[in-house]
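The block underneath contains the structure these notes are about, expressed in structure tokens.
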Amino acid sequence: MNATGVKSGEEALGFLGKNPVDVVVLDVRMPGMDGIETLRALKRQYPLTEVIMLTGHASLEVAIEGWSSEPSTI
């Protein structure tokens, strides 16, 4: 297993363009493009890539927005 970290949503999308992955772990709050925006762009461009959303700044509104961006299985 390999893991790579990037510092922003824009950097993540650029990385994925050159390095296909199976799973992406996103924080809701990131510099530049936030996690929700990154999730939407990622699923448009790479619909088969699984995404795990994490945050230390949880709110009900953010959870609902994230879940409505992507069909999920719990």
Side-chain angles (χ1 to χ4, degrees):
M1 175 174 31
N2 295 317
T4 302
V6 297
K7 296 180 181 175
S8 69
E10 295 88 353
E11 191 176 339
L13 294 172
F15 179 86
L16 291 172
K18 299 174 187 163
N19 307 280
V21 301
D22 296 316
V23 178
V24 172
V25 178
L26 289 175
D27 192 345
V28 171
R29 292 195 182 175
M30 299 186 303
M33 177 186 281
D34 71 21
I36 300 296
E37 291 175 272
T38 304
L39 171 66
R40 288 182 179 136
L42 192 151
K43 292 311 273 184
R44 271 193 307 272
Q45 295 176 36
Y46 312 101
L48 299 178
T49 301
E50 297 294 334
V51 178
I52 299 169
M53 298 289 295
L54 301 173
T55 188
H57 306 278
S59 73
L60 181 58
E61 292 80 20
V62 170
I64 291 169
E65 187 176 357
W67 277 9
S68 66
S69 296
E70 172 187 2
S72 60
T73 304
I74 300 178

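For the pair Lys7 and Pro31, the tightest heavy-atom approach, listed with the atom from each and the gap, is O-CG, 3.4 Å. Closest non-hydrogen pair, Leu13 versus Ala41, comes out as CD1-CB, 3.7 Å.
Grouping the Ile, Leu, Val, Met, Phe, Trp and Tyr side chains by contacts below 4.5 angstrom, directly or via other members, places Ile52 apart from Ile36. Residues Phe15 and Val25 do not share a hydrophobic cluster, defined by chaining ILVMFWY side chains whose heavy atoms lie under 4.5 Å apart.
Here the straight-line distance linking atom CE of Met53 with atom CG of Leu39 works out to 5.5 Å at 0.5 Å rounding. Summarising the geometry, atom CZ belonging to Arg40 is positioned 11.0 Å from atom CE belonging to Met33; distances are rounded to the nearest 0.5 Å.
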Please assess Val24 against Leu26 for the test side chain to side chain contact (heavy atoms under 4.5 Å, CB included), listing each intermediate value before the final yes or no. CA-CA 6 Å; Val24 172; Leu26 289 175; 3.8 Å; yes
Evaluate the side chain to side chain contact (heavy atoms under 4.5 Å, CB included) criterion for residues Leu16 and Gln45: first the C-alpha distance (whole Å), next the side-chain angles of each, then the deciding distance (0.1 Å), finally the verdict. CA-CA 9 Å; Leu16 291 172; Gln45 295 176 36; over 6 Å; no
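In the displayed structure, Asn19 atom CG is contacted under 6.0 Å by more than 12 heavy atoms of other residues, nucleotides or ligands.
A side-chain donor-acceptor contact under 3.5 Å links Tyr46 to the backbone of Gly17. Checked by atom type and distance alone, the side chain of Lys43 pairs as donor or acceptor with a backbone atom of Thr49 at under 3.5 Å.
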